[in-house]
Structure formats: C-alpha cells, structure tokens
Amino acid sequence: MAEYVAKPGTGSVFKNENKTEDWHGDYTGTITLPDGAVHYVNVYNNVGKTSGKPYLGISIGKQVQSSGNNGAGTAPRNQGAGEEALPF
C-alpha cells in the first residue's frame, strides 16, 4: 500500500484517547505547512468566557522530526527551512 503524503496546507487530528491532563489537547495530529514542514497540532474544546458559546482552540507545536515513520505517515519535505508566517 502506498504511503499517505499530506498536501501542503492540510492536516488531520484525531480524538486524544491518551489525555491525562487538562492541558493536553482534546484532539491531536499533524499539519503540513505550505513550505512542506510537518508540525504537531492540538485542538481544544473551549467555551467563551463572556459569550458562553463553544469554540475550538488550536495550537501548532514543534516540528515533527523525521525518524522513519513519524506516526502520521508523512515526512517533512523541506526540513531546515526557516519559520514562515501562517497564511491565515
């Protein structure tokens, strides 16, 4: 079977079945930035303090280090590239 390679600007998150602390993401996964670098991503279920409306918070973490299979089925294609501003 062919290995999955995420397109730049896309990512996936899955329910965090191993969450043991409040600060752990409710969903975890990876995102491929437009420059090809793959980073960890966490998504949190939140509720607005003043509005009381639910929303999703997102944080992008460290770059995934290439060590064969990084768990996401993707490998950084442009490792060593400098940080770039996100397009949103």
Side-chain angles (χ1 to χ4, degrees):
M1 181 183 336
E3 183 175 326
Y4 172 75
V5 177
K7 294 178 184 176
T10 65
S12 301
V13 294
F14 300 91
K15 185 163 179 64
N16 185 357
E17 301 292 341
N18 300 317
K19 181 175 177 167
T20 57
E21 302 286 338
D22 286 340
W23 56 269
H24 291 164
D26 295 304
Y27 298 87
T28 61
T30 58
I31 186 167
T32 304
L33 300 180
D35 68 358
V38 179
H39 285 257
Y40 293 107
V41 64
N42 288 303
V43 177
Y44 303 88
N45 292 315
N46 293 316
V47 176
K49 290 181 182 180
T50 57
S51 69
K53 294 182 180 181
Y55 70 94
L56 298 174
I58 301 170
S59 68
I60 296 177
K62 295 181 180 180
Q63 185 170 357
V64 174
Q65 298 301 311
S66 179
S67 62
N69 184 2
N70 62 21
T74 61
R77 289 179 288 190
N78 192 10
Q79 194 150 356
E83 291 185 16
E84 291 186 14
L86 295 176
F88 51 89

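Sequential numbering from 1 along the given sequence is applied to the chain's residues. Heavy-atom basis, side chains included; hydrogens, waters and symmetry copies ignored. In this text, all values refer to a predicted model and were calculated from it rather than measured experimentally.
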For this session: Give a yes or no on whether the backbone of I31 and the side-chain of H39 come within a donor-acceptor separation of less than 3.5 Å.
Result: no
For this session: Report yes or no: does T28 contribute a side-chain atom to a donor-acceptor pair with the main-chain N or O of G25 at less than 3.5 Å?
Result: no
For this session: Give the C-alpha distance, both sets of side-chain angles, the deciding distance and a yes or no for side chain to side chain contact (heavy atoms under 4.5 Å, CB included) between N16 and Y27.
Result: CA-CA 5 Å; N16 185 357; Y27 298 87; 5.9 Å; no
Seminar exercise, completed: In short, A37 meets D35 closest at the heavy-atom pair N-OD1, 2.9 Å
Seminar exercise, completed: Minimal heavy-atom distance between G48 and Y55, with the atoms involved, is N-CE2, 3.6 Å
For this session: For residues I58 and N42, determine if any side-chain heavy atom of one lies less than 4.5 Å from a side-chain heavy atom of the other.
Result: no
For this session: With sequence neighbours left out, write down each residue that passes salt bridge (charged side-chain N to carboxylate O under 4.0 Å, His left out) with K19, or none if nothing qualifies.
Result: D26
Seminar exercise, completed: The reported gap from OH in Y44 to CG in L56 (rounded to nearest 0.5 angstrom) is 12.5 Å
